[in-house]
Each structure stands twice: as C-alpha cells, then as structure tokens.
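What follows is a short report on a single structure.
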Amino acid sequence: MKQIKGSIVALITPFNEDGSINFDELGRLIDFQIEGKTDAILVLGTTSESPTMTHEEDMQIVNFTVDRVKGRVPIIASSGSNCTASVIKYSKDFQEAGVDALLNISPYYNKANFEGHCRHFEAVADAVDIPIILYNIPGRTGIGIPVEAVERLSKHKNIIGIKEASGNFGYLAKIAKFADENFAIYSGNDDMIVPLLSMGGSGVISVLSNIMPYETHKMVMDYLEGNTEEAKKAQIELLPFINNLFIEVNPIPIKAAMNMAGFNVGGYRLPLYPMEEANRAKLRATMEPLGLIDKYAK
C-alpha cells in the first residue's frame, strides 16, 4: 500500500436500540465517506467504541467494511492491544479478511520500557504482510512511544507511519525528522491538522471527518497542494465545532452530532453514556452555523 495522503476517517460504529451493530447504517456511513472524498477508512479505533466490542464483532465489522468498500479506498483496521500475542492474532485475522493496513496503539496499562516498546511493534510487523501505522496517544494509554523508538521503528520495512495524538508540539518536532516517503506522520487531533502538516505531516486520522468528510479532506489537500491560506482558514473556522466534538470523551459528542445531522447512529455501550444536556446544547450551537442540523436526514 502506498503512503496515504489526506484524510482518514476514524469511523464510528452505529448501534441499534438493543445495542447491536446497525449494519444498514454502517453501510450508509461507508458510502457517505467515499462520496465525500475520504482518502481511507479506519475501523475498530477508539472512535468505533472498540473496547466494548468482542473479537467476533470486530471480524463482522471488518468483513462488512471490506465487502462494502470493494477496493474504492484503503481500509485500515485497529488491531492494537497491551498483549503482543493478541495483537499478532488479531492482525493476522484482519489481514486475511482483506484490510490494507493496521493501526497499532502503544501497549497500555502494563506499559513497556524502550526495548519492550520496540519489540512489541516489531513482532507484529514481522508477523504480517500488510503495513502498520503506530499510534501515540499517551492521554489514553498512560505512556507515549519514545522518540528513539519511533526512530528505530520508522526504519522497519513494514511500519509506514505514526498517528500522533499527544498534542505535544515538542514531541512532534522531534519525530518530524523521521518523516519521508517511507514513513508518514498523521495528526490524531482535529484541532491540529494544519499545524502538523506544517511539520511535514501527510494527513489526519479524523473524528471530524465522520460528519464533514469532504471539508476535512479538502483542508488537508489544500495545504499539501500549496493552498495553505485556505487550509488555515478552514482550520480556524471549524475550530469551535472541533472543540465541542471533544467537550466530552470521544466518541460521545460525534455520535450525538451525527444523530442531530440526520444519521441514525444510535447510542453507546457502557461505560459511555449520552451527553449532558448543557454540553449537547453547546455542540448544537456550533453545528447550526455550519448548516449541519438535519442536513443528512432522509
């Protein structure tokens, strides 16, 4: 798979009223993303509520997505865990199902030292034939991927990039020197798309793209194609809405926003719970100027 440039949607998982996966709406969301020029689709990430999914449900989502996409855009599946053996098993299963790449988060809770970090990712990369994107998000995992580990892993032929979601510009500046045609850096924060691109990034793995796929894609491509002022303008104009998409823990606000926009993505699985009404009102107030309320109602 060639290096992806642009916007990769971190796709939500729609649920029925009984909490089961709503595959009819999932199909609608996939088509909506492709029609909106999304450059790739990520399934089973944090935004998909993957911690509450069984492996059987993971495989159902992967198989459904591969069948629905039919090669129109690359598919990335998140196979990360804090157990290396489990990651290898999931990664092989997803590869066999037909995904194009994998996203692997740093080992959380039990954490790891420098060598453990490197060997965890290298073991997975050596076990599969599809490329891997690292995922650095210390706010969720309790530990970041060391800069020196990123340097070493960036040289592995099967590790093609990193999703950087620490929000730490110092860290970004240190890993930016490893970016080249074989190793991409993607923003994991929608409020930092343009700043990260200015440091040599290739795109974003985005929550915002769930509801504004074309606008997110265009922001990235405008910057990469030299129209930096237009990209900067879009980042600033969308910032109030982006900020409210994280007013509560992701993906609570984005699913609320999707429902307000006219999709039928349902609710959440515990421990996630519907938004507080005051926060919901704030979210709606930033959606209205963008014309998003009921925009996609059938």
Side-chain angles (χ1 to χ4, degrees), residues 7-36 38 41-53 57 61 65 78 137 139-140 165 167 187-193 204-217 219 234-298:
S7 173
I8 301 166
V9 64
L11 197 65
I12 62 173
T13 302
F15 293 134
N16 294 304
E17 288 187 10
D18 63 359
S20 62
I21 299 167
N22 184 339
F23 285 100
D24 288 340
E25 193 69 3
L26 180 58
R28 182 188 178 195
L29 296 180
I30 290 169
D31 292 343
F32 172 67
Q33 288 298 316
I34 295 173
E35 291 163 6
T38 285
I41 293 174
L42 167 69
V43 295
L44 307 181
T46 307
T47 312
S48 78
E49 299 179 67
S50 58
T52 64
M53 300 280 188
E57 288 176 320
I61 288 175
T65 303
S78 177
I137 183 165
R140 283 192 183 264
S187 177
N189 301 90
D190 285 312
D191 61 349
M192 292 174 52
I193 298 173
V204 61
I205 299 179
S206 173
V207 173
L208 172 67
S209 182
N210 276 282
I211 194 168
M212 302 185 77
Y214 178 73
E215 292 83 355
T216 311
H217 161 83
M219 187 195 310
Q235 178 79 86
I236 292 169
E237 287 182 349
L238 291 174
L239 194 57
F241 178 48
I242 291 171
N243 287 340
N244 281 338
L245 285 177
F246 298 91
I247 198 170
E248 292 189 22
V249 68
N250 179 49
I252 293 173
I254 185 59
K255 292 190 83 172
M258 295 289 282
N259 284 324
M260 284 189 273
F263 290 98
N264 180 29
V265 302
Y268 315 87
R269 289 181 176 179
L270 289 170
L272 299 188
Y273 195 74
M275 292 184 76
E276 295 180 7
E277 283 304 315
N279 288 336
R280 181 180 172 86
K282 291 177 182 177
L283 177 63
R284 184 183 180 94
T286 50
M287 292 176 64
E288 288 172 345
L290 300 173
L292 291 173
I293 303 299
D294 293 327
K295 181 175 181 178
Y296 302 107
K298 291 183 178 179

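Model, not experiment: these values are computed from the prediction.
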With a 4.5 Å heavy-atom cut-off, do [X] and [Y] have their side chains touching?
X	Y	answer
Ser209	His217	no
Leu238	Met219	yes
Ile61	Ser48	no
Phe15	Val265	no
Lys298	Arg28	yes
Asn250	Arg140	yes
Gln235	Ile242	yes
Met53	Thr13	yes

* Sequence neighbours left out, what passes side chain to side chain donor-acceptor pair (under 3.5 Å) with Asn243? Give chain and number order. =>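 If we apply the side chain to side chain donor-acceptor pair (under 3.5 Å) test to Asn243, skipping adjacent residues, there are no hits.
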
Side-chain donor-acceptor contacts of residues 282-294 below 3.5 Å, not counting sequence neighbours, with atom names and distances?
unit_1	atom_1	unit_2	atom_2	d
Arg284	NE	Glu288	OE2	3.3
Thr286	OG1	Asn244	ND2	3.2
Thr286	OG1	Lys282	O	3.4
Thr286	OG1	Leu283	O	2.9

Ignoring hydrogens and geometry, is there a side-chain-to-backbone donor-acceptor pair from [X] to [Y] under 3.5 Å?
X	Y	answer
Asn210	Met258	no
Lys295	Gly262	no
Glu25	Asn264	yes
Asn16	Gly266	no
Ser50	Leu44	yes
Thr47	Leu11	no

What are the two closest non-hydrogen atoms of [X] and [Y], and how far apart are they?
X	Y	answer
Thr38	Pro213	OG1-CB, 3.5 Å
Ala261	Ile211	CB-CD1, 3.8 Å
Ser7	Ser206	OG-CB, 4.2 Å
Glu49	Lys255	OE2-NZ, 2.8 Å
Arg269	Thr52	NH1-O, 3.0 Å
Phe263	Asn259	O-OD1, 3.3 Å

* Using the side-chain contact (heavy atoms from CB on, under 4.5 Å) rule, pick out the option among Val9, Thr216, Asp191 that qualifies with Leu208. =>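 In the set Val9, Thr216, Asp191, the residue that makes a side-chain contact (heavy atoms from CB on, under 4.5 Å) with Leu208 is Thr216.
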
* Asked: In this structure, are over 12 heavy atoms from other groups packed under 6.0 Å from Phe23 atom CZ?
  ->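 Counting other residues, nucleotides and ligands, CZ of Phe23 exceeds 12 neighbours.
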
* Asked: Quick check: are there more than 12 heavy atoms from other residues, nucleotides or ligands sitting under 6.0 Å from OH of Tyr214?
  ->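 Counting other residues, nucleotides and ligands, OH of Tyr214 stays at 12 neighbours or fewer.
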
* To do: For the pair Asn22 and Leu26, evaluate side chain to side chain contact (heavy atoms under 4.5 Å, CB included) and give the outcome as yes or no after the intermediate values.
  => CA-CA 6 Å; Asn22 184 339; Leu26 180 58; over 6 Å; no

* Got a second to check how far Asn279's CG is from Ile247's CD1, nearest 0.5 Å? ->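 Answer for the CG-CD1 pair, Asn279 versus Ile247, is 4.0 Å.
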
* Asked: Which value, rounded to the nearest 0.5 Å, describes the distance between Asp190 atom CG and Phe241 atom CZ?
  ->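 One gets 9.5 Å once the value is rounded to the nearest 0.5 Å.
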
